[in-house]
K.L.:
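Sharing a structure with you now.
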There are 4 protein chains.
Amino acid sequence: MQFDNSRPIYMQIMEFIKKQLARGELQPGQKIPSQREMAAELQVNPNTVQRAYREMETMGLLETLRGQGTFISNRPGLLQEIKVELAGSILKRFIVEMRSLGLSAVEIRNLVNQALDQEEEGKSCKAINPRGTCQPHW
Amino acid sequence: MQFDNSRPIYMQIMEFIKKQLARGELQPGQKIPSQREMAAELQVNPNTVQRAYREMETMGLLETLRGQGTFISNRPGLLQEIKVELAGSILKRFIVEMRSLGLSAVEIRNLVNQALDQEEEGKSCKAINPRGTCQPHW
Amino acid sequence: MQFDNSRPIYMQIMEFIKKQLARGELQPGQKIPSQREMAAELQVNPNTVQRAYREMETMGLLETLRGQGTFISNRPGLLQEIKVELAGSILKRFIVEMRSLGLSAVEIRNLVNQALDQEEEGKSCKAINPRGTCQPHW
Amino acid sequence: MQFDNSRPIYMQIMEFIKKQLARGELQPGQKIPSQREMAAELQVNPNTVQRAYREMETMGLLETLRGQGTFISNRPGLLQEIKVELAGSILKRFIVEMRSLGLSAVEIRNLVNQALDQEEEGKSCKAINPRGTCQPHW
DNA sequence: GTGGTCTAGACCACA
DNA sequence: GTGGTCTAGACCACA
């Protein structure tokens, strides 16, 4: 994993784990690497990993058992919460970036709709005519 | 500037310059740093910068005048093209990320609309009552 | 201030500040010593003070303004919450200690009632007869 | 053992021994460490230990047999006296602390009763259903 | 071995 | 100056 300088490393570690959870690469109840293992793998100081783990424990995302290790929480609704949070931050960043190109709310809305529509077409098109050029339908 | 390992550095340099253009930090017709200067500033090999400059020249984004330096093209419509291209790639990445959270097209659409609406409210609200709580208006 | 080894120093710092708040020695909105000042005064590492401050910020007890300092939160109900929390921990420790002397729930209850009654008598007694021996009244 | 600066060390040694007696860690009739041993263990001056032992002998808590050592007194009722004394000081400190939070006698009484009641519930609850949520019973 | 605390000290960001 | 992050490394507590 690579870190950028725009945000603290411990936050990037938090986001890294949240994304793995959202994608199903980590399961509720599962043991995650120990602080030392994770620190070695990511090549950061164990204290930095600990800070990430500790904050996620405060948020109810992880549970730590002294002497045993750290686990993804089993709390019901956890996965949904994480997804909502991640979606929110992805959305926020997206809008900031589009805005910085000088696009208005209306333009952003239209571009998103257009992209999603094309995606749909792509799918139906493929289903019927896997190799042909995709014609717009009306 | 920081580079990540996901894409070639010369492409990251290209995107870096395009973003500066889109944000207005670079103007059409303006001279940009020489290949050597840029290489020193970004701490990369001059050949890498050369490749980025060459590709952008092919795309009609830069113009090189032998003995004078490299300039942002004055071609009309350039800025618009760049913005469309950048918007496209931001949009594409956005949709991929939202999809990876398991969101449907309808959900993405709604979230975007919601976020843009809230942005609007935030503005009007601030204008009238800079520190107060923002009341929903109806 | 003195620390004992039974609990982490950062928690003792937290309790120290909560007690000052409960006793009215600190007021909501008031600036508290900077991390460095507090560390020097308590003779601990600034990181330890920071941990205490950070946890109290998470709990909504403090607010920090980068470059300006750390302040007691102005959130309504804060004082009451702190008092309830402190009362709970004092009570818990009290019961544990009384239990370790082999006292039953009934005995603890009676001793508390007795002590509070005597306190009352002490007061009324003093009011009437400031210097005399306090006679039990019936 | 740790000493704090609020009271003389010899008093803290006295309280330390009384608590051990009350908890059954020391038995009536039992030999306790010599003054020199105790001083070495607690890292205090032997004179300080001597003062503590002397006061406890005056109180009838210890008995010194020249050439044999110092023993916990065998006097009947000793244990009970010690417990009453300790309970009294714990109780006193408890009430002072609760008072300093601005709690009235009635409030203190209620909190104590509540805490003791909950303790009871906890026990019966555990006995029947060790891991389940504890339901209020009526 | 695993997590928890603490120190010493460097360097950064905001004002 | 004030808070924020990070490293290196020591030592403790639990199992």
Side-chain angles (χ1 to χ4, degrees), chain A residues 1-18 26 29-74 89 96, chain B residues 1-2 43 131, chain C residues 1-18 26 29-74 96, chain D residues 1-2 43:
Chain A
M1 192 194 173
Q2 289 244 126
F3 300 106
D4 61 66
N5 290 329
S6 66
R7 289 166 310 155
I9 293 175
Y10 78 91
M11 284 189 182
Q12 296 183 54
I13 295 174
M14 290 169 69
E15 194 174 324
F16 174 58
I17 289 176
K18 285 179 193 169
L26 285 175
Q30 184 180 339
K31 188 172 187 298
I32 63 173
S34 78
Q35 296 178 4
R36 285 159 172 86
E37 280 169 7
M38 184 65 93
E41 193 187 325
L42 301 180
Q43 308 205 49
V44 298
N45 189 288
N47 283 329
T48 303
V49 174
Q50 196 187 40
R51 169 123 193 225
Y53 280 21
R54 197 200 309 143
E55 304 251 337
M56 288 190 282
E57 188 173 11
T58 303
M59 295 167 52
L61 206 151
L62 298 182
E63 278 167 20
T64 60
L65 296 179
R66 200 194 194 99
Q68 293 191 47
T70 304
F71 302 80
I72 304 288
S73 166
N74 259 319
S89 65
V96 167
Chain B
M1 193 198 170
Q2 289 242 128
Q43 307 203 42
R131 286 196 196 133
Chain C
M1 191 193 174
Q2 288 244 130
F3 300 106
D4 59 67
N5 289 331
S6 65
R7 289 167 309 156
I9 294 175
Y10 77 91
M11 285 190 183
Q12 297 184 54
I13 295 174
M14 289 169 70
E15 192 174 325
F16 174 59
I17 289 176
K18 285 179 193 169
L26 285 176
Q30 184 180 340
K31 189 172 186 300
I32 62 174
S34 78
Q35 297 178 2
R36 286 159 171 87
E37 280 169 8
M38 184 64 92
E41 193 187 327
L42 301 181
Q43 307 205 47
V44 297
N45 190 287
N47 284 328
T48 303
V49 174
Q50 196 189 38
R51 168 124 192 224
Y53 280 21
R54 198 199 310 143
E55 304 250 338
M56 289 190 280
E57 186 173 13
T58 302
M59 297 168 50
L61 206 152
L62 299 182
E63 278 169 20
T64 59
L65 297 180
R66 202 194 193 98
Q68 293 192 46
T70 304
F71 302 80
I72 304 288
S73 165
N74 259 319
V96 167
Chain D
M1 192 198 171
Q2 288 242 125
Q43 308 203 44

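Chain letters run A, B, ... following the sequence lines, proteins first, then strands; residues in each count from 1.
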K.L.:
Should the side chain of C:Asn47 and the base of F:dG4 be counted as holding a donor-acceptor pair, with the cut-off at 3.5 Å?
P.N.:
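For C:Asn47, whose side chain was compared with the base of F:dG4, there is no donor-acceptor pair (under 3.5 Å).
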K.L.:
With side chains defined as the heavy atoms from C-beta onward, is the minimum distance between C:Gln12 and C:Asp4 less than 4.5 Å?
P.N.:
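Yes, side chains in contact.
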K.L.:
To the nearest angstrom, how far is C:Arg51 atom CZ from E:dA8 atom P?
P.N.:
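Atom-to-atom, C:Arg51 to E:dA8, this comes out as 18 Å.
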K.L.:
For E:dC6, which nucleotide in any strand shown is its Watson-Crick or wobble partner with both distances under 3.5 Å?
P.N.:
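Paired with E:dC6, as far as the under-3.5 Å criterion goes, is F:dG9.
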K.L.:
Can you figure out which of E:dC6, E:dG3, F:dT5 approaches the side chain of C:Ile9 most closely?
P.N.:
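Nucleotide nearest to C:Ile9's side chain: E:dC6.
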K.L.:
What I want to check is whether an N or O donor and acceptor connect the side chain of A:Arg36 with the base of E:dG3 at under 3.5 Å.
P.N.:
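Yes, a donor-acceptor pair under 3.5 Å.
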K.L.:
F:dG3 phosphate, OP1 or OP2: any side-chain N/O from C:Gln68 under 4.0 angstrom?
P.N.:
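So the side-chain polar atoms of C:Gln68 never come under 4.0 Å of the phosphate oxygens OP1 or OP2 of F:dG3.
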K.L.:
Go through it in stages, so that I can follow the logic: the residues are A:Glu55 and C:Arg54, the test is side-chain contact (heavy atoms from CB on, under 4.5 Å), and I'd like the CA-CA distance, side-chain angles, deciding distance and then a yes or no.
P.N.:
CA-CA 11 Å; A:Glu55 304 251 337; C:Arg54 198 199 310 143; 4.0 Å; yes
K.L.:
Measure the distance from OH on C:Tyr53 to P on F:dT5 and round it to the nearest whole Å.
P.N.:
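Distance, rounded to whole Å: 17 Å.
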K.L.:
Rounded to whole angstroms, how far apart are CG on C:Leu65 and C1' on F:dG1?
P.N.:
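Checked: the CG to C1' distance equals 14 Å.
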K.L.:
What's the closest nucleotide to the side chain of A:Arg66 if the choices are E:dA13, F:dA13, E:dC6?
P.N.:
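In terms of side-chain proximity for A:Arg66, the closest of E:dA13, F:dA13, E:dC6 is F:dA13.
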K.L.:
For the residue pair C:Tyr53 and C:Ile17, establish whether any side-chain heavy-atom pair is separated by less than 4.5 Å.
P.N.:
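The answer is yes, as the side chains (C-beta and beyond) meet within the 4.5 Å cut-off.
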K.L.:
Remember a base hit wins even if backbone is also touched, and classify A:Tyr10 as base, sugar-phosphate or nothing at under 4.0 Å, heavy atoms.
P.N.:
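Result for A:Tyr10 = sugar-phosphate.
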K.L.:
Would you kindly give the CE-to-C1' distance between C:Met38 and F:dT2, to the nearest whole Å?
P.N.:
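Distance check: C:Met38 CE to F:dT2 C1' gives 14 Å.
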K.L.:
Atom NZ of A:Lys31 to atom P of E:dG1: distance rounded to whole Å?
P.N.:
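So the two atoms are 13 Å apart, to the nearest Å.
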K.L.:
If the cut-off is 4.0 Å, is A:Gln50 near the phosphate of E:dG4, judged by side-chain N/O to OP1 or OP2?
P.N.:
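Answer is yes, contact under 4.0 Å.
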K.L.:
Does CD belonging to A:Gln43 count more than 12 external heavy atoms closer than 6.0 Å?
P.N.:
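Not more than 12 within 6.0 Å, no.
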K.L.:
Partner of E:dC14 by Watson-Crick or G-U wobble geometry, both contacts under 3.5 Å, or none?
P.N.:
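Partner of E:dC14: F:dG1.
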K.L.:
Look at the side-chain N and O atoms of A:Thr48 and state whether any lies under 4.0 Å from the OP1 or OP2 oxygen of F:dT5.
P.N.:
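No, A:Thr48 has no side-chain N/O under 4.0 Å of OP1/OP2 on F:dT5.
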K.L.:
CZ of C:Phe3 versus C1' of F:dC12: gap in Å, rounded?
P.N.:
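Roughly 18 Å, once rounded to whole Å.
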K.L.:
Report yes if a side-chain nitrogen or oxygen of A:Thr70 is closer than 4.0 Å to either non-bridging phosphate oxygen (OP1 or OP2) of E:dT2; otherwise report no.
P.N.:
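Checking A:Thr70 against E:dT2: no side-chain N or O falls below 4.0 Å of OP1 or OP2.
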K.L.:
Looking at F:dG4, I'd like to know if its phosphate oxygens (OP1 or OP2) sit under 4.0 Å from a side-chain N or O belonging to C:Thr64.
P.N.:
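So the side-chain polar atoms of C:Thr64 do come within 4.0 Å of the phosphate oxygens OP1 or OP2 of F:dG4, strictly under.
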K.L.:
Are the side chains of A:Ile32 and A:Met56 in touch, meaning some heavy atoms are under 4.5 Å apart?
P.N.:
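No, every pair of side-chain atoms sits at 4.5 Å or beyond.
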K.L.:
Without decimals, in angstroms, what is the distance between A:Arg54 CZ and E:dC6 C1'?
P.N.:
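Answer to the nearest Å: 12 Å.
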K.L.:
Which whole-number value in Å describes the distance from C:Asn45 CG to E:dT7 C1'?
P.N.:
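One finds 5 Å between C1' of E:dT7 and CG of C:Asn45, rounded.
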